[in-house]
Amino acid sequence: MDETNRGRLTKDGIRIYETGDFAGMHTAGALAARILDDITPQIVPGQTTAELDRLITEWVSAAGAVSATIGYKGYRHASCISVNHVVCHGIPGDKVLKDGDILNIDVTVIVDGWFGDTSRMYVAGKPSRKAERLMQVTHDALMLGIEAVKPGNTFGDIGHAIQAYAEGQRMSVVRDFCGHGLGRVFHAPPNVLHYGRPGTGAVLEEGMLFTIEPMINLGRPETKVLADDWTAVTRDKSLSAQFEHSVGVTADGFEIFTLSPGDMFYPKSKDAHNA
Ligand code: MF3
Ligand code: CO
Ligand code: CO
């Protein structure tokens with residue numbers, strides 16, 4: 001059997017994996033999440049994004065894993081690091097973090113052929129109140145999207161949960177990038193939109209594996225890609241945040257493969273915010 005050809009495809013072309021495949025996803029997801037845990041103390045004013053990526057590259061190799069992004073469509077780094085108004089696909093470089101910067105670090109690793117893809121937000125020093133609120137809303141939007149994951153629900157239900165919450169907080173959902181199926185490949189059907197209408201789109205089935213990775217802006221949703229062909233920024237220069245988990249559909253709901261092993265991600269939880 002072809003490595004990438006296991007399980008079966010739905011009529012929408014979405015691969016259905018087997019129960020035993022979830023263990024491989026769990027291992028890959030846990031490594032990606034552990035790397036995001038371990039990088040946390042390095043996020044300080046004065047640090048460069050290149051140095052963060054150098055550490056991540058080292059840790060991926062040390063774990064005996066392979067970076068999914070090095071060599072992907074010509075990309076040359078083990079992480080994407082997207083600072084402030086960068087929406088996604090920020091390229092690590094000599095940029096120096098300064099007090100109050102918010103940044104997303106996105107890492108995808110391959111372990112035994114399984115892909116683990118996750119990203120979260122960090123702060124160098126102390127964030128502004130509005131930056132903190134943006135990060136909190138983005139994380140809560142992701143978790144509300146994940147809570148809509150169960151057999152019989154649709155991808156439109158996931159997008160709607162994210163959009164309704166984010167827009168209710170007077171923020172906007174980026175339309176130009178989406179989540180994706182993954183498993184034995186990096187990007188597969190479906191496109192997981194972070195907006196939509198309840199009951200629309202493909203129906204979720206047990207065995208589907210995909211990411212949910214909403215990008216939420218304080219201002220307008222439009223983005224543009226810079227001349228480096230990767231860096232996506234908000235057109236209005238407003239702050240943008242993103243969180244990403246790799247998930248699988250189980251018989252009665254979901255499994256998140258990329259939870260923080262140290263339970264140390266920022267922000268802590270919806271409850272902490274509302275308290
Ligand atoms: N990890 C990103 C995602 O969530 C993809 C990055 S591709 C790269 O799908 F080439 F920019 F690294
Ligand atoms: Co992804
Ligand atoms: Co990613």
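What you see is a predicted model, and the numbers here were worked out from it, not measured in a lab. All ligand and atom numbering here is 1-based and tracks the order in the structure. Note: hydrogens, waters and symmetry copies are ignored here, and every other heavy atom, side chains too, is used. For the single chain, residues carry numbers from 1 onward in sequence order.
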### Query
Tell me the side-chain hydrogen bond (donor to acceptor under 3.5 Å, both in side chains) pairs involving residues 215-227, sequence neighbours left out?
Asp176-Thr223, Asn217-Ser240, Arg220-Glu222

What atoms of ligand 1 come within less than 4.0 Å of a heavy atom belonging to [X]?
{"X": "Thr108", "result": "1 (N)"}
{"X": "Glu244", "result": "4 (O)"}
{"X": "Phe186", "result": "1 (N), 5 (C)"}
{"X": "Glu213", "result": "3 (C), 4 (O), 9 (O)"}
{"X": "Cys80", "result": "6 (C), 8 (C), 11 (F), 12 (F)"}

### Query
Going only through I, L, V, M, F, W and Y residues with side-chain contacts under 4.5 Å, is there a path from Phe177 to Val137?
no

Is [X] in polar range of ligand 1, meaning some N or O pair under 3.5 Å apart?
{"X": "Asp106", "value": "yes"}
{"X": "Trp230", "value": "no"}
{"X": "Thr69", "value": "no"}
{"X": "His89", "value": "no"}
{"X": "His180", "value": "yes"}

Does any non-hydrogen side-chain atom of [Y] lie less than 4.5 Å from one of [X]?
{"X": "Ile56", "Y": "Gln42", "answer": "no"}
{"X": "Phe210", "Y": "Leu204", "answer": "yes"}
{"X": "Leu52", "Y": "Leu103", "answer": "yes"}

#### Entry: Candidates Phe254, Tyr17, Phe155 - the one meeting side-chain contact (heavy atoms from CB on, under 4.5 Å) with Met208
Phe155

### Query
Is it true that a side-chain atom of His180 and a backbone atom of Phe186 form a donor plus acceptor pair closer than 3.5 Å?
yes

### Task
Look at the rings of Tyr72 and His187 and say which category their plane angle falls in: under 30° parallel, 30 to 60° tilted, over 60° perpendicular.
tilted

### Arg133 vs Asp140, salt bridge (Lys or Arg N to Asp or Glu O under 4.0 Å): CA-CA, chis, key distance, verdict
CA-CA 10 Å; Arg133 214 179 130 253; Asp140 292 344; over 6 Å; no

### Query
Relative to ligand 1, is Val107 under 4.0 angstrom through side chain, backbone, both or neither, heavy atoms considered?
neither

### Within reach of ligand 1, part of Lys73 (heavy-atom separation under 4.0 Å)
neither

### Message
By the salt bridge (charged side-chain N to carboxylate O under 4.0 Å, His left out) test, which pairs, at least two apart or in different chains, include something from residues 237-258?
### Response
none

### Query
Can you find a non-hydrogen atom of Thr211 under 4.0 Å from ligand 1?
no

### Message
Taking only non-hydrogen atoms of His77, do any sit less than 4.0 angstrom from ligand 1?
### Response
no

### Query
Under the side chain to side chain donor-acceptor pair (under 3.5 Å) test, which residues partner Ser238, sequence neighbours left out?
Asp236

### Task
Might you point out which heavy atoms bring Val96 and Asp101 nearest each other, and give the distance in Å?
O-OD2, 4.3 Å

### Query
Mind counting the protein N, O or S atoms sitting less than 2.8 Å from the Co ion (ligand 2)?
4

